[in-house]
Amino acid sequence: MSAVVERTQPIAGERTGEPPFGRGPEWPLAALIVLYPLWWALGLSVLIFQIIALPMLVYLVRRRASISTPPGFGFWLAFLVWAALSMVMISYSPPGTIDESSAQRLVV
């Protein structure tokens, strides 16, 4: 009696022909984490998050699926818009207060 066994997963060290980070949506995150020492050495440790976000955005747009958000996300988004709009008033000095430069107010 003989049995035929099919392997579905590769043996450790065996080449599978796939790129090192895979082809799925997880590759930008894997590239960010695994290659972070390289990004740091190249001086991109701060910018790499924005650079890696671009392929993620492309994947989301191509997928065309609905994006689910947690409850209360609208309130948080409204707060972010309010905070961004309030930056317009940073250079305004109300009457009866000490005049300061905008740079001093940013610290506060």
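Atoms considered below: every heavy atom in the structure, side chains included; atoms not considered: hydrogens, waters and symmetry mates.
In the hydrophobic clustering of ILVMFWY residues, with side-chain heavy atoms under 4.5 Å counting as a link, Leu42 and Ile52 come out together. The hydrophobic cluster containing Trp39 also contains Leu47, counting ILVMFWY residues as joined when their side-chain heavy atoms lie under 4.5 angstrom apart, directly or transitively. Met87 and Leu85 fall into different hydrophobic clusters, where Ile, Leu, Val, Met, Phe, Trp and Tyr side chains are chained together by heavy-atom contacts under 4.5 Å. Leu29 and Val46 sit in two unconnected hydrophobic clusters of ILVMFWY residues. Membership requires side-chain heavy atoms under 4.5 Å apart, directly or through other members.
Side-chain heavy-atom separations under 4.5 angstrom define the hydrophobic clusters, and Leu54 shares its cluster with no other residue. Hydrophobic side-chain contacts under 4.5 Å tie Val61 into a cluster, directly or through other members, with Leu57.
Listed by first and then second residue, the ring-ring contact (aromatic ring centres under 6.0 Å, His included) pairs that reach into residues 49-73 are Phe73-Trp76, sequence neighbours excluded.
In this structure, OG in Ser45 is found 11.5 Å from CG in Leu38, a value given to the nearest 0.5 Å. The structure places CD of Gln50 at 11.0 Å from CG of Leu44, a figure rounded to the nearest 0.5 Å.
Qualifying ring pair (Phe, Tyr, Trp, His ring centres under 6.0 Å) partners for Trp40, counting only residues two or more places apart in sequence or in other chains: none. With sequence neighbours excluded, no residue satisfies ring pair (Phe, Tyr, Trp, His ring centres under 6.0 Å) with Phe79.
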